2 protein chains.
Amino acid sequence: MNKIQIENKLSQYGHRPTAARLEVVEALLNFHGHMTADDLYEHMQSTGSSVGRMTVFRTLDLLAEIGVVRPTYQGSGAAHFVLLEDGHHHHLVCMRCAQTVEFAECSFAEDLSQQLAEKHGFKIEGHLLEIYGVCKKCQAG
Amino acid sequence: MNKIQIENKLSQYGHRPTAARLEVVEALLNFHGHMTADDLYEHMQSTGSSVGRMTVFRTLDLLAEIGVVRPTYQGSGAAHFVLLEDGHHHHLVCMRCAQTVEFAECSFAEDLSQQLAEKHGFKIEGHLLEIYGVCKKCQAG
DNA sequence: CCTTGTTTTGATATAAAATATCACCATGGC
DNA sequence: GCCATGGTGATATTTTATATCAAAACAAGG
């Protein structure tokens, strides 16, 4: 998902694609990984952006609401945001050191997704699959 | 997963199944849902438990480390813990109001799980599948 | 182009949640 | 019983998230 697509999605949901929001989106796409709101804010500061901390938080909330990112918990007390590239995301998480490996393989049957959607009256937009385990390093230690 | 099994798992990983920890486990199993550490602490207080707040936090962290629970983000700033009944858990989350519906159906192929495990050197212990969408109520509003 | 009403922004203040610290208690091995 | 280690819980501190609000930006209508 690129900047333009996200911009369109914002409009589509009745939110203005303002300069500040697009700066956040841009930084998010550049960062391309898991980050907290403050990580992103500090990164933006370091690149000379004047977007405020609140706006970063609010924009991430907004993006979560329209399904572009999803907050997850990754060890620390702060929410980490992951980009749902095509509506979904999958990763392996080490239960010890919180190291995270992303993978693209998606074994998730869309059939079931739709089935569940109807059963519970939900309009499905995406999913996140987290697999837990212990990484090689922590198995050794 | 019952109290005894969790108790064994604690021992197995070199942690003592102390009275305080077992009280937390008991409360967790009674609560049977999604809750924050403070929710659980307050619930325990209301039932006359004298276990401290720190112990509740630490025990939940410990249980997360051994794969009994998993913290997730559910709208508020606090981590919500879900019980991984048999190592896994699945739920539908509304992107608007954060309402959560659990479901048992598991379409996740264990084959892929093992395949990924080998590829990345992980020892797999479980997974969490979150499906995002908009609930009936929020679609209407 | 100028109002007018609405949305957005960002500084500051506040609240909430997580973590660090530390003295004390409990337990298991010797 | 004594020591080493692990666990507990009160308090203090830090980190993260949210609320507030005046100012700014913007869209729509005249």
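Please read all numbers here as calculations on a predicted model, not as lab measurements. In what follows, chains are A, B, ... by sequence order, proteins preceding strands, each numbered from 1.
Comparing D:dG9, D:dT16, C:dT9 by their nearest atom to the side chain of B:Val51 picks out D:dG9. Distance from the side chain of B:Arg58 is smallest to D:dG9 among D:dG9, C:dA17, D:dT20. Across C:dG10, C:dT8, C:dA18, the shortest atom-to-atom separation from the side chain of A:Thr55 is found for C:dG10. When the nucleotides C:dA17, D:dG7, C:dT9 are ranked by their closest atom to the side chain of B:Asp38, C:dA17 comes out on top.
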(message) Would A:Lys119 and B:Glu105 count as a salt bridge (charged side-chain N to carboxylate O under 4.0 Å, His left out) here? Give the steps.
(response) CA-CA 12 Å; A:Lys119 186 166 165 188; B:Glu105 295 93 333; 3.2 Å; yes
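Whole-Å rounding puts the A:Asp61 CG to D:dT16 P distance at 16 Å.
Each of B:Met54 and B:Arg16 has a nearest nucleotide on DNA chain C; the 5'-most of these lies closest to B:Met54. Toward the 5' end of DNA chain D, the nearer of the two residues A:Phe57 and B:Leu62, judged by each one's closest nucleotide, is B:Leu62.
B:Phe57 has its side chain within reach of B:Asp38: a pair of non-hydrogen atoms, C-beta onward, lies under 4.5 Å apart.
Shortest non-hydrogen contact noted between A:Cys97 and A:Cys135 is SG-SG, 3.8 Å.
Side-chain atoms of B:Arg53 and base atoms of C:dA17 include no donor and acceptor less than 3.5 Å apart.
Relative orientation of the A:His127 and A:His90 rings is tilted, given thresholds of 30° and 60° on the angle between their planes.
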